[in-house]
2 protein chains.
Amino acid sequence: MPKDRVPRPLKRKVLAKKNRQALINATLSSVAELGVAQTSVTEIVNRAGLSRGMIHLHFGGKENLLVAAAKQSAERYFDVLDKFLEAAGAKPQEIVAAVVNADLDESVMNPGSVKIWYAFRGAARDRAMIAQFSDTRDARLNNLIYRAFREICDQSQIPDSSTVARDATHGTLALLEGMWTDYLLHPDLFDRQIARRIVFRFLSGILPDHFELPR
Amino acid sequence: MPKDRVPRPLKRKVLAKKNRQALINATLSSVAELGVAQTSVTEIVNRAGLSRGMIHLHFGGKENLLVAAAKQSAERYFDVLDKFLEAAGAKPQEIVAAVVNADLDESVMNPGSVKIWYAFRGAARDRAMIAQFSDTRDARLNNLIYRAFREICDQSQIPDSSTVARDATHGTLALLEGMWTDYLLHPDLFDRQIARRIVFRFLSGILPDHFELPR
DNA sequence: GGCATCAGTGGACGTTCGTCCATTGAAGGG
DNA sequence: CCCTTCAATGGACGAACGTCCACTGATGCC
């Protein structure tokens, strides 16, 4: 280290950004532990070690902070998904496998993230801003694997291939959704290997020539 | 009607029971429409057309009323399930089919019931009394179809039949769970026939000689 | 080094919540 | 028919909530 080059990033604006992020982190922590309903302004600022006024200062109100926290949480999911998709090949089977593996990976399916996801989705009933994130995720996953299944079906001699592609999409997403719920309710009993195997049992059952059970 | 035999059921006690039930109904109505968090004492008594003090009088507090409402809601589910099981035969395939058909039937999977179910399960995090109903339902369904799958697997020459029975149980319940979530989020787009077909695609894929696709 | 700026503070405020109880009035027994 | 009983009432109450603002003090520019 030839020069202790402190580029002076610790100006007031930078510190403010850090506090803003601390509020989001504290919110996510509280939502994971207590749920949205029990996440009060007092609870958030205590966890962040900041004063009550900070929420109004940085976000204009508690509601906007919740939306920002939900947004960040959703982005984390897509970051991991994109990483899995980049690592996968272009074959439709690989895309489907990437989605399944990403969805069951510990980096997105962990106690904190899963509790946050369901807490926000439960609260989405009255908050359109939050519901949007839930719908966006579902729609994107749906599109992604439907295209893949469609490609598989079109290249094969499958009767009624359109129906099969739709059923495969619908079934895979429903199965993953059920696995997440299972993980939410019994995180200690959950086994990712088994969950993956069951999803591939479904896939190899519906498209026997294109998917096979993992060893 | 020879004698207009009014057995005097409209005494004070009977009226009290009616009001007690009115409070439960108002609670379920509010939970379905607004969620648990937004279901306040004021909201409940307004819907029931009764006075504020009634909740404390009949239930000793709001919390006990929520528990009573959740309990009644869970009992409704089992009533329908039992009806389907009674109508089914004793063959394990019929038992599995009865559970699937009951779970997707309009009498339990309808907008109100599904919203109530997820609202209570979301609120169950802090309320052990309510979580109990959720766990009881899951455990009972699990037992029911695991026995059925086990019977099917034991009577066949399936390699690793224990694992298959467990995967079939786990997968079927996860798939149904995902279908409920799907219905919760998009009740207008949901198609029971398709949902049923997808579940049976899974079943016929995992146990090809014992289940087949419905026409 | 002194002054303007503004991120940060924390208490005041009005609202809404669930609980509880003094009071009411119709039912039901004598 | 009157008197007891008790389901039912609705307002009072303290606690907890989110919002907001007058104030503070460290920072950054001249």
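In what follows, chains are A, B, ... by sequence order, proteins preceding strands, each numbered from 1.
- We find that NE2 of B:H58 is positioned 7 Å from C1' of D:dA7, with the value rounded to whole Å.
- Of the side-chain N and O atoms in B:S51, none sit less than 4.0 angstrom from OP1 or OP2 of D:dG10.
- Salt-bridge annotation for B:D105 and B:R76: absent, with no side-chain N of the basic residue lying under 4.0 Å from a carboxylate O of the acidic one.
- If you take NE2 of B:H56 and P of D:dA12, they are 19 Å apart, rounded to a whole angstrom.
- Although no hydrogens or angles enter the test, the distance criterion places a donor-acceptor pair under 3.5 Å between the side chain of A:T172 and the main chain of A:A168.
- Under 3.5 Å, the side chain of B:R52 and the base of C:dG18 form at least one donor-acceptor pair of N or O atoms.
- A salt bridge links A:E43 with A:R47; the closest basic N to acidic carboxylate O contact falls under 4.0 Å.
- Between B:W117 and B:Y77, the angle of the ring planes stays under 30°, which puts this pair in the parallel group of the 30/60° scheme.
- To the nearest angstrom, C1' of D:dG25 lies 15 Å from CG of A:L57.
- Candidate nucleotides C:dC6, D:dT19, D:dA7 were compared by shortest atom distance to the side chain of A:R12, and C:dC6 ranks first.
- Separating the CZ atom of B:R127 from the C1' atom of C:dG18 is a distance of 12 Å, rounded to the nearest angstrom.
- Regarding B:N46, its CG atom lies at a distance of 12 Å from the P atom of D:dT9, rounded to whole Å.
- For C:dG8, the OP1/OP2 oxygens have a side-chain nitrogen or oxygen of A:N19 closer than 4.0 Å.
- C:dG8 atom P lies 14 Å from atom CD of A:Q21, rounded to whole Å.
- Following rounding to the nearest Å, A:K18 (NZ) and D:dT27 (C1') show an atom-to-atom distance of 15 Å.
- In this structure, the CD1 atom of B:I55 is 13 Å from the C1' atom of D:dA8, given to the nearest Å.
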